[in-house]
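Note that these values count all heavy atoms, side chains included, but never hydrogens, waters or copies made by symmetry.
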Amino acid sequence: MKPILYSILICTLILACTRYPAGVEETLSQAGRNRGELKKVLRHYREHPEDSLKYQAACFLIDNMKWHLSTERTVFPDSSLFEWHTRFDSLYTNMMLRIPDSTLYSERNRERYWQFSYAARQVASVFPPDTPTIVKGTFPDPQNISSAFLISHIENAFHTWHTSPYASYLTFGQFKEMILPYRAVTGYPFYENGQRLSDMFGKHLAKSDEKTYAKIITRYNLYKNGIRQMFPNYQQTQHVGTYDMFIGQHHDCISIADNFCHVFRAYGIPTVVDCNLSYRERSGRHFHCTLLDSTGKRFKYNQTMNYTASTPSTFFRNTFGAQADSPFMLKAEGETLPDYFDTPCIREVTNENYRVAPVQLPIEKELSNNLVYLYTFNVSQGLIPATWGTVDHQHRKAWFKNVVYNVLYFPVYLKGDSIIPFASPFYITSPDTLYTSTTLVPVSPEQPGKRGQLLLQRKYPEKAYLKYRASLMVGGRFEAANREDFKDSVLLGTIKTTPILNLQELTPEICRPFRYYRYVAPDSFPTSNMGLLEFLTDEYTPEDSLQPATALPVYSPGEINRNGSEKRYCKLQADTSKYSYLRYYSAYNPNMQYSSYGKIDLMPLKRSMKVKKIRYAPANAENHIVVGHSYQLMYWDNGWKNAGTRLARYNFLQFDNVPLDRIYWLRDLTAGKEEHPFLYKDGKQLFIYHDTIVPRAAEFYHFESHF
C-alpha cells in the first residue's frame with residue numbers, strides 16, 4: 001500500500017512542478033506545434049533561481065500572448081535590404097561622428113549631410129534592394145513566437161531596465177507594460193525584437209549630449225530621416241513594420257507611434273502608445289506615444305499632428321496585458337462591443353490628460369448588457385464611442401468614471417449592430433470655485449412638439465486661425481499701372497478692416513484704363529492670403545471673352561433681389577501667354593480654400609481696361625453655405641433624424657416646419673468633410689464648443705510635446 005501512496009505523491013509533485021500558471025497553460029493549449037518553443041522559454045528561466053523575475057516576465061508575456069495576433073507578414077526576398085541598411089548605418093555613423101547637439105542643424109552639417117545622402121542614393125539606385133512583400137493571413141502569436149526571439153527580447157528588456165537611468169526606477173509592474181512588451185499597439189500586425197532595435201538605434205540615441213528626452217528624440221528623428229534619404233525611391237505602398245521608417249511612402253500615426261515605442265523601449269525609455277478615438281471637432285482617430293521620466297512627468301511624442309489643438313474626447317492606452325476593467329472583460333455573455341473596445345488589452349487614461357468627474361445616469365428599461373457607453377459626435381459616422389460605463393442592474397443606474405467637462409455626450413447601449421440611446425444628450429460643467437460642484441446639463445427640448453423655421457448660413461463654425469490670418473491682411477493695397485514694373489502705379493484702395501471669410505467688394509478710388517493690376521500684401525504680413533480675387537469691369541467686347549463675376553453672398557431672403565438690380569460685371573482675365581502660372585494661381589482659383597502665398601497677386605491684361613469693382617475673399621474653409629451644393633439637415637431625437645434636403649441657390653438655407661430646440665447637424669452632400677453640431681436660438685446657429693459648451697483651459701493638463 002505504501003509504495004502506491006509514495007508513487008501517487010511523487011507523481012503529484014512532478015505534476016505540480018511542471019504545471020505553469022493557469023493563464024500560461026491556456027496559451028500553451030493554443031500554441032499547437034509551437035508549444036515546445038514557448039515551454040523552452042519557461043524552462044530556460046525556471047531552472048535558475050536567480051532568474052525568478054525573468055521567469056515571471058516570461059509568464060506575463062506568454063500568458064497575454066493569446067490576446068495578440070498578426071494579420072500580415074513581411075517577406076524579404078533576400079538580404080539585400082538589410083545589407084544596404086548596414087552600409088548606410090556605417091556611413092551615417094561616420095558622418096555624425098563627434099557632432100554635438102548644438103551644431104546638428106548648422107549650414108555646414110546640412111550641406112555635408114545632403115552630399116552623403118545623395119552619393120548613397122546614387123550608388124544604391126544602381127543595385128537597389130528587392131522590395132519586401134506582404135503576406136495576408138491570421139498568425140496568432142502563440143503559434144509563431146520562437147524561443148530565440150522571446151529569450152533575446154527578455155534579456156534586452158532586463159538589461160535596459162537595470163542599466164538605463166530612464167528606467168531603473170520602474171516597479172516590476174511598470175516595467176512589464178512600459179519596457180518588456182514586444183508589441184506596442186493592440187491589433188497592429190507587426191512586432192519587433194528589442195535586442196535588434198537596440199543594436200540598430202542605441203548607439204545613435206546615446207550620442208545626445210544632454211541626455212534629455214527632447215535631445216534623444218532629435219537624434220532618433222535625424223537617424224530615421226537620414227537613412228530614409230539614403231535609400232533610393234521606393235514604390236512600397238504597404239506597411240512593412242520596422243522598415244516603414246526607411247522605405248516606402250505609406251506613413252500614418254499608427255506605424256510612426258508603433259516604431260517609435262519599440263525603439264525607445266529597447267533603448268530603455270519607458271514608453272507606451274496612447275490613442276484617441278474621437279475629437280470634439282473633427283473626425284478620425286490618432287495614435288501618439290507617451291513617455292515617463294523618474295519624476296512621474298509625462299512627455300508626448302506626436303510626429304504627425306498636434307492632437308492637443310484638436311481636443312480629443314478621451315484617451316486609451318494600448319497594453320500588452322489583459323485589463324480586468326476593460327469592456328472585453330466586463331461584458332455580458334453575447335454582448336456586442338464597439339470595434340476598438342473588442343480587446344482586453346486597452347486601458348482608459350483620460351484622467352491623465354484631462355480633469356474628469358464620475359457621473360451616474362438612470363436607466364429606465366431593463367438591460368441584459370453589463371455595459372453602456374457615452375458616444376460623441378463624429379462627422380463620418382454620426383456618433384462614435386468615447387468611454388464606457390457599467391450597469392448597476394439592481395438600482396437601474398449607469399456608472400461612468402471618466403466623464404470630461406464640457407463635452408457633449410450621447411448615452412447609448414448596443415444591441416447587436418444597433419446603437420440605442422437610453423438618456424438625453426448631456427454635458428457636465430466644471431466647478432467655478434472650490435465651493436461649487438459639477439453640474440450635469442441635459443440637452444433636450446423643453447417643448448418636444450414645437451416646430452418652426454430655421455435659417456442656416458454655415459455647416460461649421462469659422463476657424464479662429466483663419467480669422468486671425470484675415471486680420472493680418474489689414475493694410476494690404478490694390479494697385480494699377482501701365483508699366484510692368486509698376487513705377488507709374490496708382491492706389492485703387494486699401495483693406496482697412498478685417499475681411500470677412502467670404503467674398504466682399506471694394507470700389508476703386510480711381511477708374512481709368514490700366515494694363516496691369518495687382519494686390520500687395522502689407523509689409524507686416526507679406527503673404528497675400530487671397531483665396532479668391534476678381535478685378536471686374538462692365539466695359540468689354542465679345543472678343544475679350546470674359547466670364548461673369550462671382551456673385552456676392554446672399555445671407556437671407558431679404559437680400560435676394562439685391563443682386564438682380566446690380567450691374568452685370570465680368571471678371572478680367574490674366575494674360576497667360578506670358579504669365580502661364582496664372583492659369584492655376586490660387587488667387588484666381590474659384591476654390592477659396594487655397595491661399596496664394598506670395599506677397600503680390602498680379603493681374604496682367606492683354607490690353608488696358610477699366611476696373612469698376614474688386615471682389616476678394618481671404619483663404620477660408622468654405623464652410624459657409626456654398627451655392628450649388630446639396631445639404632441635408634439632421635436633428636437629434638433618440639437618433640439622427642432627417643429634416644429635409646435642400647439645394648443651395650443662395651448662401652443660406654431655409655427649413656420650415658422643423659422640430660425646434662434640438663441638436664442639429666447640417667450635412668454637405670456635395671463636398672467638404674467639416675461639419676459640426678449646433679443649437680438654434682433666437683434665429684442664430686450656436687455651434688457646440690464655440691458658441692456653447694465651451695471648454696476651459698483649466699480642464700486640460702499640460703504636457704511637453706515633441707514633434
Side-chain angles (χ1 to χ4, degrees), residues 462-538 546-547 549-553 555 566 569-576 578-579 581-605 608-624 626 651:
E462 291 185 336
K463 298 180 179 180
Y465 83 92
L466 290 175
K467 293 166 69 175
Y468 173 70
R469 285 180 64 88
S471 72
L472 298 177
M473 297 174 69
V474 173
R477 61 189 187 274
F478 300 94
E479 298 178 344
N482 282 310
R483 289 182 51 163
E484 188 177 17
D485 59 10
F486 274 76
K487 288 187 176 180
D488 62 340
S489 67
V490 298
L491 181 66
L492 302 181
T494 304
I495 297 177
K496 298 179 179 180
T497 59
T498 299
I500 63 170
L501 298 183
N502 205 330
L503 199 63
Q504 52 230 284
E505 188 173 84
L506 178 146
T507 301
E509 298 172 6
I510 297 174
C511 182
R512 64 173 188 263
F514 290 98
R515 178 76 182 276
Y516 300 95
Y517 293 90
R518 70 182 185 182
Y519 168 73
V520 182
D523 293 337
S524 58
F525 183 63
T527 300
S528 164
N529 198 47
M530 281 291 180
L532 181 63
L533 178 59
E534 295 181 354
F535 294 92
L536 309 182
T537 186
D538 59 357
L546 302 184
Q547 298 295 317
T550 302
L552 290 169
Y555 295 119
E566 290 181 345
Y569 290 107
C570 284
K571 53 188 175 183
L572 299 179
Q573 301 297 309
D575 180 8
T576 57
K578 183 176 181 181
Y579 302 90
Y581 73 94
L582 293 177
R583 297 173 188 170
Y584 314 104
Y585 198 46
S586 54
Y588 309 113
N589 187 321
N591 189 334
M592 301 181 196
Q593 297 182 39
Y594 301 98
S595 168
S596 57
Y597 290 101
K599 181 178 174 62
I600 295 174
D601 293 325
L602 177 66
M603 173 63 78
L605 307 178
S608 298
M609 298 183 74
K610 293 181 180 180
V611 166
K612 301 291 186 70
K613 300 287 182 182
I614 300 172
R615 290 181 184 173
Y616 66 96
N620 63 85
E622 280 195 304
N623 284 321
H624 49 262
V626 179
N651 302 98

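The two residues P604 and L582 have their closest heavy-atom pair at CD-CD1, 3.4 Å. For F486 against L602, the heavy-atom pair with the smallest separation is CE1-CD1, 3.8 Å. The minimum heavy-atom distance between Q573 and L605, with the atom names listed, is O-CD2, 3.6 Å. Shortest non-hydrogen contact noted between R512 and Y517 is O-OH, 3.7 Å. Scanning both residues, R469 and T527, for their nearest heavy atoms gives NH2-CG2, 4.1 Å. The two residues A470 and N529 make their nearest non-hydrogen contact at N-ND2, 3.9 Å.
If you take CZ on R483 and CG on D485, they are separated by 4.0 Å, rounding to the nearest 0.5 Å. Annotation: the span from L552 atom CG to Q504 atom CD amounts to 9.0 Å, rounded to 0.5 Å. Rounding to the nearest 0.5 Å places CG of L503 at 5.0 Å from CE of M592. Atoms NZ and CG, on K571 and L532 in that order, are 7.0 Å from each other to the nearest 0.5 Å. Here the OG1-OH distance, from T576 to Y584, works out to 8.5 Å after rounding to the nearest 0.5 Å. Once rounded to the nearest 0.5 Å, the distance linking CG of L506 with CD1 of I495 reads 8.0 Å.
Side chains of P618 and L466 form no contact here, defined as non-hydrogen atoms less than 4.5 Å apart. Under the 4.5 Å side-chain criterion, counting only non-hydrogen atoms from C-beta, Y588 is in contact with M603. Side-chain contact between E479 and V490 is absent, with no heavy atoms from C-beta onward closer than 4.5 Å. Proximity of L472 to S524: side-chain heavy atoms (C-beta onward) are nowhere separated by under 4.5 Å. Side-chain contact between K612 and L536: absent, with no pair of heavy atoms (C-beta onward) separated by less than 4.5 Å. With a 4.5 Å cut-off on side-chain heavy atoms, Y616 and D601 do not count as touching. The closest side-chain heavy-atom distance from K463 to N623 is below 4.5 Å. Here the side chains of T550 and E534 are in contact, with some heavy-atom distance below 4.5 Å.
Of the possible polar contacts, one joining the T537 side chain to the K610 backbone as a donor-acceptor pair under 3.5 Å is found. Distance alone, capped at 3.5 Å, is enough to place a donor-acceptor pair between the N482 side chain and the R515 backbone. At least one donor-acceptor pair closer than 3.5 Å links the side chain of S528 to the backbone N or O of M530.
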For this session: Carefully, step by step, assess L533 and F478 under the rule side-chain contact (heavy atoms from CB on, under 4.5 Å).
Result: CA-CA 11 Å; L533 178 59; F478 300 94; 3.8 Å; yes
Exercise. Going through the checks in order, is the side-chain contact (heavy atoms from CB on, under 4.5 Å) test met by R477 and T494?
Worked result: CA-CA 4 Å; R477 61 189 187 274; T494 304; 4.2 Å; yes
For this session: Could you go through the side-chain contact (heavy atoms from CB on, under 4.5 Å) check for F514 and D488 one step at a time?
Result: CA-CA 10 Å; F514 290 98; D488 62 340; 5.9 Å; no
For this session: Report the C-alpha separation of F535 and M609 in whole Å, then their side-chain angles, then the decisive distance to 0.1 Å, and conclude whether the side-chain contact (heavy atoms from CB on, under 4.5 Å) test is met.
Result: CA-CA 10 Å; F535 294 92; M609 298 183 74; over 6 Å; no
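Salt bridge annotation for K599-D523: present, with a cationic side-chain nitrogen under 4.0 angstrom from a carboxylate oxygen.
For OH of Y581, the number of neighbouring non-hydrogen atoms (other residues, nucleotides, ligands) closer than 6.0 Å is greater than 12.
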